[in-house]
Each structure stands twice: as C-alpha cells, then as structure tokens.
Amino acid sequence: MIEPSSQLIVVGAGAAGLYTALSAARRGARVTLVSAMPLAGASSYWAQGGLAAAIGPDDSPDQHLADTLAVGRDAVRESAARVLVDEAANAVADLAALGVSFDADADGQPALALEGGHGRRRIVHAGGAATGRRIIRQLSAEAVNDPRIEVLEDRRVTALLPHEGRCIGVRLADGETLTAAATVLATGGAAALWTRTTNPPGATGGGLLLAYAAGAALADLELLQFHPTALVASDGVDGLLVTEAVRGEGAILVDAAGERFVDELAPRDHVARAVHEAMARTDAASVGLDMRRVDPALFPNVVTALRRAGIDPERELVPVAPAAHYMMGGVATDLDARTTLAGLYAVGECSCTGLHGANRLASNSLTECFVFGARAARAALTEPAPPAVASKPSAVAAASSTTSEASPAPTRPPALTTASREALWRDAGLVRDGPGLTRLLSDPHPLVRLIAAAALARSESRGAHQRRDFPEVNPAFDHRHVTLTRDRPAAVEAWR
Ligand code: SIN
C-alpha cells in the first residue's frame, strides 16, 4: 500500500505556493512542494507592483474594501474582499518577520505607492518595482531550509488523483504518485495563452486543466485583465510590463498627436480600453508613456530594462499598448481556498475566490497569495488522511477512473500553438463578440475552448469583458460567476 507522501502537497512555487507551504510547515506539517521549474522561476518573480494593504495613517480596511468593490464593477464577492482587506496588514507583517525587507520612507515608515483605482497610497513594495523578486527569493530560501518541506524541483504534475469523490494526491510526469490529505494548486495564471502578454511563457493555465479534468469547477475564465502599459518592442522584450506605479508618480499617457486622453490613475479596465481606442483612432501600434518627470531612482529595474531594450525613459516616450496580464477567473474556491472537489485547494492566480470581480484592483493579487495561502494551509491541515490505495501508481489511477465522478487528466498537457494564441488575442481580446468566441469553441487547445464557453455565457459587457454584441452591463449578472464543470453546461451562480 502507498503511505501518504506528506500531509500536504503544494503544486507551484510562486508567492502563493511558497507561502502556503511555509504556513503549513510552521504549523508542524510535513509538506511536499512540487515545482515545474527551479525555485525562483515562477511568474510572481516578475511581479512589479506590490501588496495592497491599508496600513497608511489615512487609510482603513473599509476604504480598501470600497475601492476593491468599486473597481470590480459589481462582480466582487464581498465576503472574499472583506477577508483580504482585513487580513492584509497581518500578511505584510508576517512577510517582514520572514525576512522580506519592504521599502521605507525617510522616517522609517513603509513607503506606500499609489496605483490606479486606489483612493489612498497603499501599495507596499520592495526594491522599487522588484517586489516579486525580493519576496520569492526570501521565501524560496526559507522553504529550502525548512526540514519539514521537501522541495521537488523540475517536476511536473500531469494529473490529480480523484478517488471516491476526493483528491488524494498527484501523479508526476515520470509516473511517480504522491498522496496526501490535501493538495493545494498554486500553479499561477493563464495570461500567456494570449499572444501579447506581460507573463512568462509558462503561464498557460495548466493547473486549471488539471482541476477541471479531476472534476473541480472553474469560474469566470472570461475575466482576463489587460494591462494598459506593456512595452511595444521587438521579440524578447515585447510585452515587458511598465508598472502602473510610474503613473502613480506622475507619468502620463499621450496619443500620436501628443495629447493626453485618459486619467492615468483610473481603474485598469478603463485605461486599457482608452489606450486601445486611442490606438485605433490614430491607427497607431502604441501610445506614448511619458516618464520624463518621474524620478528614475524610484524604479531602477524598470529604467534598466527599458534602457536594455534601447529606450531611455528619461529622454523619450516609452511606446506601450495593452497586453494580457492577469486572469481573474480560475479554480472556484470558498474563503478557505477549498475547491468543489474535496481535498483539493487552490490559491493565488489559479484560483477564483471572486474577490477581483470583473476588474482586479492593482496589487490586490499579491496580497491575495498570502492571505488565502495562510487560510488554505490552516484549512487543509484539518483534512482526513487519504485512504490507503494499492501500491502501484497505475493502480491509483485505475482506482480513480473506476469511480463515477472523475478520472485522471491526460498525462501530457496539450501543445499550445501560435495559432491558438493568435486566435485568442483576435477573438477574446479587449473587445469580443459572439461569432469570434464561437470560432474559438473549435480551437484545438482545451483551455481556449473553456475560455470561449465562459465568455459566450456572459452575454454582457462588464469590466475586462467587453462584447460588441452586448455592449451594456446586464444587471442579471451582478455579483454572478460563470462556472464550468466537466460534463455540465456553463452555469451562472451567486456566491455568498
Ligand atoms: C503593475 O505594477 O502595474 C502591475 C501590478 C499588478 O498587476 O497588480
């Protein structure tokens, strides 16, 4: 018989995965952390923004909540947003205790940045716009040095193991099977499915397909946030994110005629659409981001990256355009990160708590990784031990496939082609419509098809999801989530 490999398996070693693993280990649990790449290779490494937390003297969780609700366009699950704003300050304090050194002002107080949609300065950052890198480095070192955490690097999960209605572990690409009382997906987002993206190439939603194949519900896949200011440049640097925080420090956006056309600190969906429209109006491939009055010392890594790309932001306009940036949808969870499949949890960008609604408030997502990572660890450690199963890995798969509800995912993720990526950009970009989305239903890539199905089910325009054929908000979708579960039609649900 297979003995459980550990109490908890965490899949993914970005901010959410590392923090969940560390939170569980600090509660005394044995954890297996599985990472498809070497530690510090995850998407969160590139996160430039920071953590939104109402810690300034003029701020409060209630104000943070009000901004999150307003920006989320009447689609935020308020209970999840309440958890985030109330627990954000503790998350920042705990990261500091774990050795993350956040930027401070001249008085030694946290230096708080301003980003679009925030009514107050409330973004805690590290190394200017190097927050993700600093956090990931520190948490990776903590995880490697923690004897309760076994780190498996360069190991890919190819299937979850549903057995008698619960997830009892994972199967790895080499056929090895790991079992545990609970499995936490922290596999990141899917924005690299679109051709023009700020995300590294691996962010293609693999965890979503694993969860779906195992029988867990996905939600709100149509809600993909486009970042307004991604560099337009040659391959290799195209899509480089220029953080919104530069606009918080006074950078402005100008069209081909050199005119300002938008309030640069309006919510992200609004600014991205304004950039898109300004480009269409002037038939231009980009608009200009004017950072010439911004102190370059505040954003050393952004300025260095732009110079490397051949642009001197102190002297010239930076050519920018929208790019796919963040998936608000994901594996549907409750407020403790439980999915609809017992024993399976999801945290961070691969999850959908409903907290971001139809338009994520900038920098709420990094905070989410820690707030919900801690909750996931707490809840997951109350799960019962997995049942003993026959010792051959294939027997686990066979056992699970004989149950009525779910069978393991295919062992190999489907190849993502340039054609699928281009189709998604064309037909599920900043503005979509029924005919384009219907075309995507026959795309070879399963996640493209699921995104199209969700986008067709949301027959309205709201936040990041804009449809030419349904240009208005439909109040029937207020605070409703589009869910997809294997072998069932798309559903529209209200979540408490
Ligand atoms: C940014 O820094 O502009 C991105 C941060 C985020 O997406 O929250």
Side-chain angles (χ1 to χ4, degrees), residues 14-16 42-53 64 67-68 71-72 81 84 88 91-92 103 111-118 121-136 188-192 194 197-200 203 223-231 239-253 262 264-272 275 289 291 294 298-303 305-306 313 318 320-328 330 348-349 355-371 463-464:
S43 294
S44 342
Y45 185 84
W46 304 104
Q48 288 187 22
L51 284 83
H64 187 182
D67 289 344
T68 301
V71 166
L84 180 96
V92 172
D103 296 339
L112 298 174
L114 183 64
E115 291 184 350
H118 288 274
R121 285 189 168 265
R122 65 166 72 97
I123 316 302
V124 184
H125 47 92
T131 312
R133 190 172 311 184
R134 298 278 178 95
I135 291 177
I136 292 292
W194 280 254
T197 180
T198 61
N199 285 205
L223 300 178
L224 186 282
Q225 184 167 69
F226 294 87
H227 196 287
T229 59
L231 183 66
L240 178 86
L241 179 72
V242 185
T243 176
E244 193 158 299
V246 302
R247 284 177 271 137
E249 297 300 330
I252 58 167
L253 285 163
V262 68
E264 288 82 0
L265 289 175
R268 201 170 273 177
D269 56 347
H270 180 82
V271 181
V275 171
L289 178 67
M291 297 173 55
V294 176
L298 292 174
F299 302 101
N301 60 335
V302 175
V303 171
L306 289 173
V318 181
V320 293
H325 180 60
Y326 185 89
M327 183 164 267
M328 269 96 54
E349 192 173 346
L355 114 81
H356 303 303
N359 182 44
R360 175 179 62 101
L361 184 64
S363 289
N364 266 357
S365 47
L366 205 47
T367 309
E368 175 188 25
C369 292
F370 308 114
V371 166

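Both counts, for ligands and for their atoms, begin at 1 and track the order of listing.
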request  = If you have a sec, work out which protein heavy atom is nearest atom 2 (O) of ligand 1 and how many Å separate them, to one decimal?
outcome  = Thr243 OG1, 2.6 Å

request  = Determine the sole option in Glu115, Arg121, Arg122 for which the side chain to side chain donor-acceptor pair (under 3.5 Å) test with His118 is passed.
outcome  = Arg122

query = Any idea which heavy atoms bring Val246 and Val294 closest together, and the distance?
reply = O-CG2, 3.8 Å

message = Quick check on contacts: which atoms of ligand 1 are under 4.0 angstrom from a heavy atom of Ser363?
response = 6 (C), 8 (O)

message = Regarding ligand 1, does Ser365 bring an N or O atom to under 3.5 Å of one of the ligand's N or O atoms?
response = no

message = Within the 3.5 Å criterion, strictly below it, is a donor on Asn359 or His270 matched to an acceptor on the partner's side chain?
response = no

request  = Please confirm whether the backbone N or O of Ser365 pairs with a side-chain atom of His356, one donor and one acceptor, at under 3.5 Å?
outcome  = no

key: Test side-chain hydrogen bond (donor to acceptor under 3.5 Å, both in side chains) applied to Thr197 - qualifying residues, sequence neighbours left out   = none

inquiry  = Are Leu253 and Val320 packed together at the side-chain level, in the sense that at least one heavy-atom pair is separated by less than 4.5 angstrom?
reply    = yes

query = So, does His227 sit close enough to ligand 1 that a heavy atom of it is under 4.0 Å from the ligand?
reply = yes

Minimum non-hydrogen distance to atom 5 (C) of ligand 1, winning option of Glu244, Arg360, Arg268 = Arg268

task = Number the atoms of ligand 1 from 1 as they appear, then name those within less than 4.0 Å of a heavy atom of Ala362, with their elements.
result = 8 (O)

remark   = For His325, the ligand 1 atoms with a heavy-atom partner under 4.0 Å come out as 4 (C), 6 (C), 7 (O)

